[in-house]
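The structure under discussion appears below in the form of structure tokens.
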Amino acid sequence: MENQTLDILLLEGLQVSPDASIPAFILLFLIYIFIMFSNIVLVILITLDSSLHQPMYLLFCNMSINDVFGATTIIPRMLRDIFIPSSDRYIHYVDCVIQAFCVHIYIGASHTILMIMAFDRYVAICNPLQYATIMTNWMVVKLSVLAWAVIFIMVTILVGLSVRLSRCRWIIFNPFCDNASLFKLSCESILINNIYGLGYTVLLLGSSVGTVTITYLRIAMVCLSSKSKTLNSRALQTYTTHLTMCVIMFVSGIVMVLLHRFPHLTDQRKLASMMFHVVPPALNAVIYGMQIKAVRQKMFIMFTRNTVTVTDGK
């Protein structure tokens, strides 16, 4: 009966003053449009051009699709709530659970896709002669399905442990719903949630950090022992693109998890949460797409052709 009376929750959302609501809305809206446009264009470009149907570019598609999914999970609702008073930002409990589930699917998939990309670059640079044999398109499909399936199962358990709890609170002190926000609604013991959540976080971040660190240390060793300028150039490009996003994701992800344990650091936690869900999706298509020569050339040709067509039509 208690749960039935708490089916409607109050979602704190973004805390902005009335004077800053319009600039905040415009900024967040432009970021969302940029995320959608850049990632969708990259996916369409790779899908339509058969010459880009290679493992590395298929992984770019994976990352872009996940970024669109992650951004769409939280940003549209934030935009809607900016002009609604904080005391009237209601959300149904089921909708909150769905949003929390999607948020953690996005976070988990971001890390598993990064691990596959690190493995792909490791094989390409350290075992170039076997790359075509090992990293086939079919192998990328299998690794991608495995990555999404594992995260789906782990997140289902994570959120399921929170849903089983009875609720005695009804306020979500967060810009959006996530698993920690769900189990904080309960007055029951959340020991099991904390144990599984900590294990889940350690396993996910540990596997991600470990995979990226080991592969890039190995790549660095190969480059140091090689005199090939081409190999070293490819490795440098890999380092600058991949590690930039890894650092942003790891730092913001770890900070976000840790700050949930310190209620007096609410504002810092909200900033870390927003950084994780806005910065990587906004930069991935630019960093991974525009710095890869083949993709950059295809985009230039596509937009040049469209410009010429419009000019001829006039």
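- Partner of Met115 under the side-chain contact (heavy atoms from CB on, under 4.5 Å) criterion, chosen from Val209, Thr215, Thr211: Thr211.
- Closest approach of Asp7 to Arg167, counting heavy atoms only: OD1-NH2, 2.9 Å.
- Under a hydrophobic-cluster definition in which Ile, Leu, Val, Met, Phe, Trp and Tyr are linked whenever side-chain heavy atoms come within less than 4.5 Å, directly or via other members, Phe60 and Ile44 are assigned to the same cluster.
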### Task
Could you please spell out the steps behind the side-chain contact (heavy atoms from CB on, under 4.5 Å) verdict for Leu10 and Ile172?
CA-CA 6 Å; Leu10 184 65; Ile172 301 290; over 6 Å; no
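- Shown here for Val159 and Phe101, the closest heavy-atom pair between the two residues is CG2-CA, 4.0 Å.
- Between the side chains of Asp178 and Ser181, at least one donor N or O lies within less than 3.5 Å of an accepting N or O.
- Within a 6.0 Å radius of CD1 in Ile192, no more than 12 heavy atoms belonging to other residues, nucleotides or ligands are found.
- Aromatic ring centres of Tyr32 and Phe25 lie farther apart than the 6.0 Å criterion allows.
- Within the 3.5 Å criterion, the main-chain N or O of Ile84 finds no donor-acceptor partner in the side chain of Asp88.
- For the atom pair Leu158 CG and Phe183 CZ, the distance stands at 8.5 Å (nearest 0.5 Å).
- For the pair Thr112 and Leu204, the tightest heavy-atom approach, listed with the atom from each and the gap, is CG2-CD1, 4.4 Å.
- Around atom CD1 of Ile22, no more than 12 heavy atoms belonging to other residues, nucleotides or ligands sit under 6.0 Å away.
- Between the CE atom in Met63 and the OG atom in Ser110 there is a gap of 6.0 Å [rounded to 0.5 Å].
- Of the possible donor and acceptor atoms, none in the side chain of Arg89 sits under 3.5 Å from a partner among the backbone N and O of Leu11.
- The two atoms that bring His53 and Asn137 nearest to each other are O-ND2, 3.1 Å, heavy atoms only.
- Going from atom SG of Cys96 over to atom CG of Leu185 covers 7.0 Å, rounded to the nearest 0.5 Å.
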### Message
Using the rule given for side-chain contact (heavy atoms from CB on, under 4.5 Å), can you reason through Ile91 versus Cys177, listing the C-alpha separation, both sets of side-chain angles and the distance that settles it, and then say yes or no?
### Response
CA-CA 10 Å; Ile91 182 172; Cys177 294; 4.0 Å; yes
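- For Tyr131, the OH atom counts as densely surrounded, since its 6.0 Å shell holds more than 12 non-hydrogen atoms of other residues, nucleotides or ligands.
- By the criterion of side-chain heavy atoms lying less than 4.5 angstrom apart, applied directly or through intervening Ile, Leu, Val, Met, Phe, Trp or Tyr residues, Ile105 is grouped together with Tyr196 in one hydrophobic cluster.
- For the atom pair Asn62 CG and Leu114 CG, the distance stands at 11.0 Å (nearest 0.5 Å).
- Checked by atom type, the side-chain pair Thr73/Gln99 shows no donor-acceptor distance below 3.5 Å.
- Taking each heavy atom of Leu165 and Ser189 in turn, the nearest pair found is CD2-O, 4.1 Å.
- No side-chain donor-acceptor contact under 3.5 Å links Arg218 to the backbone of Tyr122.
- Counting only N and O atoms by type, the side chains of Asn66 and Trp148 include no donor and acceptor under 3.5 Å apart.
- The line from CD1 of Ile190 to CG of Leu182 is 11.5 Å long, rounded to the nearest 0.5 Å.
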### Message
With side-chain contact (heavy atoms from CB on, under 4.5 Å) as the criterion, how do Asn179 and His104 come out once you've worked through the C-alpha distance, each side chain's angles and the decisive distance to 0.1 Å?
### Response
CA-CA 8 Å; Asn179 183 62; His104 287 281; 3.2 Å; yes
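- Taking every heavy atom of both residues into account, Glu12 and Asn174 meet most closely at OE1-N, 3.5 Å.
- Geometric assessment of Arg77 against the ring of Phe176 yields a negative cation-pi assignment under the 6.0 Å and 45° thresholds.
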